[in-house]
Amino acid sequence: MAYSDKVIDHYSNPRNVGTLDKSSNKVGTGLVGAPECGDVMRLQIEVDEFNVIKDAKFKTFGCGSAIASSSLATEWLKGKSIDDAMKIDNMDIVEELALPPVKIHCSVLAEDAIKAAINDFRVKNGLAPIESEKVHH
Amino acid sequence: MDLPIYLDNNATTPMDPRVLEAMLPYFVQKFGNSASRNHAFGWVAEEAVDYAREQVAQLIGANEKEIIFTSGATESDNLALKGVFEMYKEKGNHIITMVTEHKAVLDACKHLEKLGARVTYLTPKPDGLINLEELVAAMSQETILVSIMYGNNEIGVIQPVKEIAKIAHSFGALFMTDATQAVGKIPVNVIEDGIDLLALSAHKMYGPKGVGALYVRRKNPRVKVTAQMDGGGHERGMRSGTLNVPGIVGLGKACELGRLEMQQDAIRLSALRDKLENALSQLEESYVNGNIEHRLPHTANISFKYVEGEGLMMAMKDLAVSSGSACTSASLEPSYVLKSLGLSDDLAHSSIRFGLGRFTTEEEVDRAIEVTRNAVTHLRELSPLWEMFKEGIDLDSIEWAEH
């Protein structure tokens, strides 16, 4: 299977690899996936007082498409408000990276990681987590 | 050095130029049908096929009349299993094999189950070798065939075929082996090993794709298989179809070269394999899969914990290797061979198979070590699991959401 140029670009030069202080109230952490399934993503956001994501970091155990999906997600998250970040859809990632059908689960995982990070941030700050009603493609 | 470096010789091997040279006259000038008995074109082709049959037979210690040419090991496996079942089903309906066999054997067995066969799939010991006591326990008067591969394609372990054959014979069953990875790489002798049927393929030993053979014992006992393809009654009625003369010539030449050069290749390749394995074992949390004593000289299978196989292969783009990772298959299931060894899914996902070959150089192995080391280090920097491991977090204590 050949990878798209964008997957290769994100894979070779992953953006925003790293770790934020998960004990901070400003940081939300999403850890999704399972080692048994061959992919685990950890995505972290740092949110400012205006509910805008000013930093995002990731680390991913997984195939090239999983790494590229999370790298792209961090790029998109930076500068977005929490509300806009909630709207990121896995199919946007599929489209941007031209993921083949067998790799769609990587984009689903990235969307799950975004939502998990946001909810972690909300819960830390006394807000109720947002239940996702979306059915994945 | 040409890039990428080919280290996937268990999947297929490049043809030896000497094999190609032997084949070339049989496409245009000597194009005859070996079954044409009445003219020189046919005789020339028949002579070439007979010579190849001797070359194949000689490599495995067989008589040339015991060699049936096929399209490859998958067909040979199918013919052996289905042909034996059809021929001997009055005697019994039980077949014993292992879960680590190639899909050609496993899926043929699945097919036979639908036709009334009872199949026992033995699980290997954690090192990949068969548990002979379990084999004995599984044998019965109904057992007509024991089918165990010679050398495993993924982890390279070599099964104790002599002992397996003795056990099979003591219960009156036949012993078949898929020797695709072993023939031409290590000494295989059908008499000494007690093999009744043996499948082999040309393209795993520097020959062309699309041609292989099935050895079918002719005496002590005389083994018969029911043909699975009807037609002109070629190959003593066991495999109809016009013979692939150039392919068969190539298989013959590949067998001859294997016989003459096996020993020097094996010494050289096992030294290179050990060099690779020793260097990569220096990496933290890396594990060699399979028994390291009884195995093919050219195969190394290593798991690098906390990195995922496909992601790893992408970082090793200068190397052509294989992974037991789910992501390399359409099924999203990690290697069933590695899982049967009791490896956890995450270690199976993290495995890389290095398959060295006749044309692998030391320079290439050195480069492979460097590329792999860098890739593992790079991906571990990206891996949340590695970070957690380094922080002393027990990954088993986390409730992962399986998806």
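Every heavy atom of this structure was used, including side-chain atoms; hydrogens, water molecules and symmetry mates were not.
By the 4.5 Å heavy-atom criterion applied to side chains, Val40(A) and Glu308(B) are not counted as neighbours. Contact of the Cys37(A) side chain with the Trp400(B) side chain is not registered, since no non-hydrogen atoms from C-beta on lie closer than 4.5 Å. Between Leu382(B) and Ile67(A), the closest side-chain pair of non-hydrogen atoms falls below 4.5 Å.
What you find for Glu310(B) and Cys63(A) is that their closest heavy atoms are OE1-CB, 3.3 Å. Residue Tyr306(B) comes nearest to Phe61(A) through the heavy atom pair O-CD1, 3.3 Å, listed as atom of the first residue, atom of the second, then distance.
Taking the charged nitrogens against the carboxylate oxygens, Glu36(A) and Lys339(B) have no contact shorter than 4.0 Å, which rules out a salt bridge. Salt bridge status for Lys59(A) with Glu381(B): absent, with no side-chain N to carboxylate O gap under 4.0 Å.
Contact count versus chain B (heavy atoms, under 4.5 Å) is highest, among Ser70(A), Gly62(A), Ser65(A), for Gly62(A). The choice from Ile398(B), Leu385(B), Leu395(B) that makes the most heavy-atom pairs within less than 4.5 Å of chain A is Leu385(B).
Of residues 13-27 of chain A, those residues lying under 4.5 Å from chain B by any heavy-atom pair are Pro14(A), Val17(A), Thr19(A), Lys22(A).
Surrounding NZ of Lys54(A) are at most 12 heavy atoms belonging to other residues, nucleotides or ligands under 6.0 Å away. By the neighbour-count criterion of 12 heavy atoms within 6.0 Å, atom CD1 of Ile292(B) is sparsely surrounded, having that number or fewer from other residues, nucleotides or ligands. Enclosure of atom CG in Asp48(A) by more than 12 non-hydrogen atoms of other residues, nucleotides or ligands within 6.0 angstrom is indicated. Heavy-atom contacts from other residues, nucleotides or ligands closer than 6.0 Å to CD of Glu49(A) number more than 12.
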*Run the side-chain contact (heavy atoms from CB on, under 4.5 Å) check on Arg42(A) and Glu387(B) step by step: do they pass?*
CA-CA 11 Å; Arg42(A) 191 192 61 199; Glu387(B) 187 183 300; 2.7 Å; yes
_Does Val7(A) form a side-chain contact (heavy atoms from CB on, under 4.5 Å) with Met314(B)? I'd like the steps, not just the answer._
CA-CA 11 Å; Val7(A) 168; Met314(B) 209 170 153; 3.9 Å; yes
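Annotation: the span from Lys317(B) atom NZ to Tyr11(A) atom OH amounts to 9.0 Å, rounded to 0.5 Å.
Contact of Leu31(A) with chain B is made through the side chain alone, with heavy-atom distances under 4.5 Å.
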